[in-house]
Amino acid sequence: MLLVRSVDDDSFPLDVVAEVAGAVGREPDVVTVIVGSAAGGGAPDADHWARLGALLDSLRARGTDRIRLVMSGAGDDRPERPCVARRIADAWELEVTAPDGPS
């Protein structure tokens, strides 16, 4: 199954989302979640993270347990705190595949 969602729905034209989703591959029972930059290309703000959290909540409610997180640096550990992918995996009890550098 391939389900493509974008936290910033207006930031990506649908054809770009489809191209990115196709480029990262397809696996049965893996949901692809594409996370764009915050409005204006700045750092993600509270609304950005809240929308991602709501999406992850809805995926778990539907029984999803594996996601591919297409988000620059999502798997990149930082000193003294786990990467975004690890925090999502722990908080939502998901198996998360994510890039560990710029995408």
Distance-minimising heavy-atom pair for Arg81 and Arg87: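 For Arg81 and Arg87, the tightest heavy-atom pair comes out as NH1-NH1, 3.6 Å.
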Rounded to the nearest 0.5 Å, how far apart are CG of Asp76 and CZ of Arg78? 6.0 Å
Side chain to side chain contact (heavy atoms under 4.5 Å, CB included) partner of Leu94, the single match among Leu59, Ile67, Val31, Val33: Ile67
Taking all non-hydrogen atoms of both residues, which atom of Val30 and which atom of Arg68 are closest, and how far apart? CG1-N, 3.8 Å
Output yes when a side-chain donor or acceptor of Asp77 lies under 3.5 Å from a complementary backbone atom of Cys83, and no otherwise.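 Checked: pair present.
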By salt bridge (Lys or Arg N to Asp or Glu O under 4.0 Å) - contacts of Asp65 (at least two apart):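 For Asp65 there are no salt bridge (Lys or Arg N to Asp or Glu O under 4.0 Å) partners, ignoring immediate neighbours.
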Ile88 vs Leu52 side-chain heavy atoms within contact, under 4.5 Å: yes
Sequence neighbours excluded, which residues qualify as side-chain hydrogen bond (donor to acceptor under 3.5 Å, both in side chains) partners of Asp57?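 Listed in chain order: Trp92.
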Any side-chain heavy atom of Thr97 within less than 4.5 Å of one from Leu69? no
Gap between atom CD of Glu95 and atom CG of Asp29 - 0.5 Å precision: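 Atom-to-atom, Asp29:CG and Glu95:CD are 11.0 Å apart.
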With sequence neighbours excluded, what pairs up with Arg86 under the salt bridge (Lys or Arg N to Asp or Glu O under 4.0 Å) test? Asp90
